[in-house]
Amino acid sequence: MDLSRFKWPIIILIVIGVFWLLSSPGINFLHKKFTSVKPGEDAKVDKATEAGLSRLGGFLIKTFRYEKGYEVLTDACNMYPEGVGANYWYNQYRMAKCLEKMDRVREALQILDFLYANDIHAVDERVPPQDVLKLRLDKLQEIHGLGEIQ
């Protein structure tokens, strides 16, 4: 049976599907799908859901959609808190990046200060080391004239 006549319609459908998933309705669909799962019922599902939310948040940051990225990462951290979620600390760091880009610098500084004070790099190597976090904190404080964090 020759299936070559289906090649182009299948390719077109795949391209349309990918573009839809990258659009706002597709992002909202994925976000809703991941957040509709109740945490704690199945460890495999929890791991996949947390990873999915983390990847979606990372994708949104890379595509300069910081508000939606912050929302997705906040949901990931709320659903899978410290000790439960494998990406919790890295998501916290990325949330600080989103807050900074959204000009909510004080909130970003609070997260970065917590990560720095508790040496989170020792827990999750994806979070920058102490010297990098300290440099970022100092630079944000200097640029925005905020002085020391309370």
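All values below come from the heavy atoms of this structure, side chains included, with hydrogens, waters and symmetry mates left out.
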Next on the checklist: Tell me whether R126 at atom CZ has more than 12 heavy atoms from other residues, nucleotides or ligands lying less than 6.0 Å away.
Outcome noted: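 More than 12 heavy atoms, drawn from other residues, nucleotides or ligands, come within 6.0 Å of this atom.
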
Next on the checklist: Could you check whether atom CZ of R65 has more than 12 heavy atoms from other residues, nucleotides or ligands sitting under 6.0 Å from it?
Outcome noted: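 Yes, CZ of R65 has more than 12 neighbouring heavy atoms, counting only those of other groups under 6.0 Å.
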
So which atom in [X] and which in [Y] form the shortest heavy-atom distance, rounded to 0.1 Å?
X	Y	value
A108	A96	CB-O, 3.4 Å
T49	F34	CG2-O, 3.1 Å
G69	C98	C-SG, 4.2 Å
P39	V37	CD-O, 3.3 Å

Item to check | Check against side chain to side chain contact (heavy atoms under 4.5 Å, CB included), L73 and L53 | outcome: CA-CA 7 Å; L73 293 171; L53 282 169; over 6 Å; no

Checklist entry - How far apart are the C-alpha atoms of R104 and Y70, what are their side-chain angles, what is the distance that settles it, and do they pass the side chain to side chain contact (heavy atoms under 4.5 Å, CB included) test? => result CA-CA 11 Å; R104 293 168 55 184; Y70 178 76; 4.0 Å; yes

Indicate yes or no for a side-chain donor-acceptor contact from [X] to the backbone of [Y] under 3.5 Å, with no hydrogens or angles considered.
X	Y	answer
S23	W20	yes
E107	L99	no
N28	S24	yes
H121	Q130	no
N118	I120	no

Tell me whether [Y] is reachable from [X] by hopping between hydrophobic residues (I, L, V, M, F, W, Y) whose side-chain heavy atoms are closer than 4.5 Å.
X	Y	answer
I61	F64	yes
F114	L135	no
F6	I14	yes
M95	M102	yes
V18	F59	yes

Checklist entry - Can you list the steps and then say if Y88 with V84 is a side chain to side chain contact (heavy atoms under 4.5 Å, CB included)? => result CA-CA 8 Å; Y88 179 79; V84 177; over 6 Å; no

Looking at [atom1] of [X] and [atom2] of [Y], how far apart are the two atoms once the value is rounded to the nearest 0.5 Å?
X	Y	atom1	atom2	result
N87	K47	CG	NZ	10.0 Å
T63	K68	OG1	NZ	12.0 Å
H31	L60	NE2	CG	9.0 Å
R94	I111	CZ	CD1	13.0 Å
D113	L137	CG	CG	5.5 Å

Item to check | Verdict with supporting geometry, V127 and L133, side chain to side chain contact (heavy atoms under 4.5 Å, CB included) | outcome: CA-CA 9 Å; V127 175; L133 286 175; 4.2 Å; yes

Next on the checklist: Below 30° counts as parallel, above 60° as perpendicular, anything between as tilted: where do the rings of Y90 and Y93 land?
Outcome noted: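 Y90 vs Y93 ring planes: parallel.
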
Checklist entry - Without hydrogens or angle criteria, can the side chains of N91 and S54 be said to hold a donor-acceptor pair below 3.5 Å? => result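 Per modelled atom types, N91 and S54 side chains form a pair under 3.5 Å.
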
Checklist entry - Checking salt bridge (Lys or Arg N to Asp or Glu O under 4.0 Å) for the pair E142/K139: CA distance, chi angles, key distance, verdict? => result CA-CA 5 Å; E142 181 181 340; K139 186 174 181 182; over 6 Å; no

